[in-house]
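Contents: one structure, followed by commentary.
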2 protein chains.
Amino acid sequence: MNIGDIAKATGISAKMIRYYEETGLIRAANRALSGYRVYSDNDLQTLRFVRRARDLGFTVKQIDDLLTLWRDRTRASASVKEIAMGHVAALEKKMQELKDMTDTLLHLASNCHGDDRPDCPILRTLGSADAVAPLPKTRDRRKTRAFDRVR
Amino acid sequence: MNIGDIAKATGISAKMIRYYEETGLIRAANRALSGYRVYSDNDLQTLRFVRRARDLGFTVKQIDDLLTLWRDRTRASASVKEIAMGHVAALEKKMQELKDMTDTLLHLASNCHGDDRPDCPILRTLGSADAVAPLPKTRDRRKTRAFDRVR
DNA sequence: CTTGACCTTCCAACGGTGGGAAGGTGCAGG
DNA sequence: CCTGCACCTTCCCACCGTTGGAAGGTCAAG
């Protein structure tokens with residue numbers, strides 16, 4: 001299998017497969033005489049693993065750890081579960097942050113006419129000297145501000 | 001006010017304030033004879049606006065649009081509301097994706113002993129030829145795969 | 001042999017943010 | 001006045017994960 005075949009089979013772009021090799025996430029593929037990378041069924045399985053872990057939102061570093069455990073026949077299932085549950089906690093924290101944002105936005109938008117008049121409480125509040133958060137219960141929102149944006 | 005003062009007042013780092021200026025999000029600050037950037041109360045207000053919109057998860061591009069509307073005295077509140085509600089929709093979509101991930105992970109983890117035995121359904125499933133998603137209702141999960149990772 | 005689909009490596013960009021080097025300024029204390 | 005320190009300036013680099021493109025080599029079918 002050439003890189004294009006395995007890219008199709010796994011859904012990972014050829015670019016990314018080369019990148020994963022370069023950064024050491026997967027081991028370097030064998031080469032044909034032409035210099036083309038040649039992949040085995042084993043490689044296919046590994047890359048499928050990577051793809052799925054990626055779909056589940058694991059970082060490349062976490063996948064690296066998981067792959068090590070995956071390859072280790074004597075691993076303890078507790079180690080895997082620990083990584084997975086730690087990741088679940090991170091996902092849930094992020095969900096809460098997103099929820100706080102939407103709550104705030106919906107609150108602001110609910111007071112906005114949404115017509116052709118210029119007055120808009122969304123802009124007014126963003127520009128004012130007061131804090132934005134109209135939801136006093138989530139007092140620690142301020143600390144967790146720097147994270148990924150929504151595209 | 002120098003850049004450090006305004007950085008403290010807004011919670012945006014001096015680095016980022018220079019970056020926002022460089023990329024055109026905010027207009028270039030006036031300079032003192034020394035070359036130091038000097039900020040007015042007006043600038044403070046603008047940067048506070050930026051900071052809050054950022055806290056609400058808007059991208060820099062979206063903030064650019066919002067700032068334009070903010071400065072336009074004749075804007076229609078509908079335009080602002082549209083941007084805000086579009087953003088809410090994006091946030092909600094992302095939350096759903098995160099929820100699908102956690103559901104899948106919790107499902108996998110619930111079948112994992114989590115002891116010192118090596119057998120672990122999390123790894124087994126990730127490496128298998130079958131699809132990961134054990135939740136047939138979210139059939140379009142596959143399409144929306146490439147997005148930010150959770151740190 | 002030509003054509004087109006594939007492969008190779010290399011270099012750059014994205015969005016946001018942080019780090020640090022090398023040098024200039026402003027102000028207080030001695 | 002000199003020294004020291006906190007601050008400012010510009011510059012370049014790194015991160016993560018991914019995409020794009022250029023310039024060139026290879027393979028298989030027509």
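Convention: sequence-line order gives letters A, B, ...; per-chain numbering from 1.
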**Study point:** side chain to side chain donor-acceptor pair (under 3.5 Å) partners for Asp115(A), two or more places apart
**Key:** Arg117(A), Ser77(B)

**Study point:** For atom OH of Tyr19(B) and atom P of dC12(D), their distance in whole Å
**Key:** 16 Å

Atom pairs, protein N/O to nucleotides 4-6 of chain C N/O, distance under 3.5 Å:
from   : atom 1 : to       : atom 2 : distance (Å)
dC6(C) : O2     : Tyr36(A) : OH     : 3.3

Check your understanding: Phe58(B) versus Leu105(A): any side-chain heavy-atom pair under 4.5 Å?
Key -> yes

Exercise for review: Output, in order, the C-alpha distance, side-chain angles, deciding distance and verdict of side-chain contact (heavy atoms from CB on, under 4.5 Å) for Ile83(A) and Leu69(A).
Suggested key: CA-CA 11 Å; Ile83(A) 293 177; Leu69(A) 291 173; 3.9 Å; yes

Check your understanding: Would you say dT19(D) has OP1 or OP2 under 4.0 Å from some side-chain N or O of Ser13(A)?
Key -> yes

Check your understanding: What parts of residues 21-34 of chain A reach DNA chain D, counting only heavy atoms under 4.0 Å away?
Key -> Ser34(A)

Check your understanding: Distance from Lys81(B) atom NZ to Ser110(A) atom OG, nearest 0.5 Å?
Key -> 7.5 Å

Review point. Do Asp41(B) and Gln45(B) meet the criterion of a side-chain donor-acceptor pair at a distance under 3.5 Å?
Key: no

Review point. Is any side-chain N or O of Arg18(A) closer than 4.0 Å to OP1 or OP2 of dT18(D)?
Key: no

Point to revise | Closest contact, heavy atoms only, Thr10(A) versus Arg51(A) | key: O-NH1, 2.9 Å

Review point. Quick one: is Arg37(A) getting a side-chain N or O under 4.0 Å of the dT26(D) phosphate, OP1 or OP2?
Key: no

Exercise for review: Round to a whole Å and report the spacing from CD1 of Ile6(B) to P of dC8(D).
Suggested key: 11 Å

Restricting both atoms to N or O, compile the protein contacts to nucleotides 19-23 of chain C shorter than 3.5 Å, with distance only.
from    : atom 1 : to       : atom 2 : distance (Å)
dG19(C) : N7     : Lys15(B) : NZ     : 3.0
dG19(C) : O6     : Lys15(B) : NZ     : 2.7
dG20(C) : O6     : Lys15(B) : NZ     : 2.2

Point to revise | Spacing between Ile63(A) atom CD1 and dC16(D) atom C1', to the nearest angstrom | key: 12 Å

Review point. For Tyr20(B) and dT17(C), is the shortest distance between a side-chain N/O and OP1 or OP2 below 4.0 Å?
Key: yes

Practice item. Check whether any side-chain heavy atom of Val60(B) lies under 4.5 Å from a side-chain heavy atom of Arg54(B), and answer yes or no. Key: yes

**Study point:** Flag, side chain of Arg75(B) to backbone of Trp70(B), donor-acceptor distance under 3.5 Å
**Key:** yes

Point to revise | Partners passing ring pair (Phe, Tyr, Trp, His ring centres under 6.0 Å) against Tyr39(A) (at least two apart in sequence or in another chain) | key: none

Practice item. Give the rounded distance in Å between these two atoms: CD1 of Ile12(B) and C1' of dG18(C). Key: 15 Å

Review point. Do Ile17(B) and Ile26(B) come close enough that some side-chain heavy atom pair is under 4.5 Å?
Key: yes

**Study point:** Rounded distance in Å - CE (Met1(A)) to C1' (dC27(D))
**Key:** 18 Å

**Study point:** All salt bridge (charged side-chain N to carboxylate O under 4.0 Å, His left out) counterparts of Arg27(A), not counting sequence neighbours
**Key:** Asp43(A)

Point to revise | Nucleotide dG16(C), atom C1' - distance to CZ of Phe58(B) in whole Å | key: 17 Å

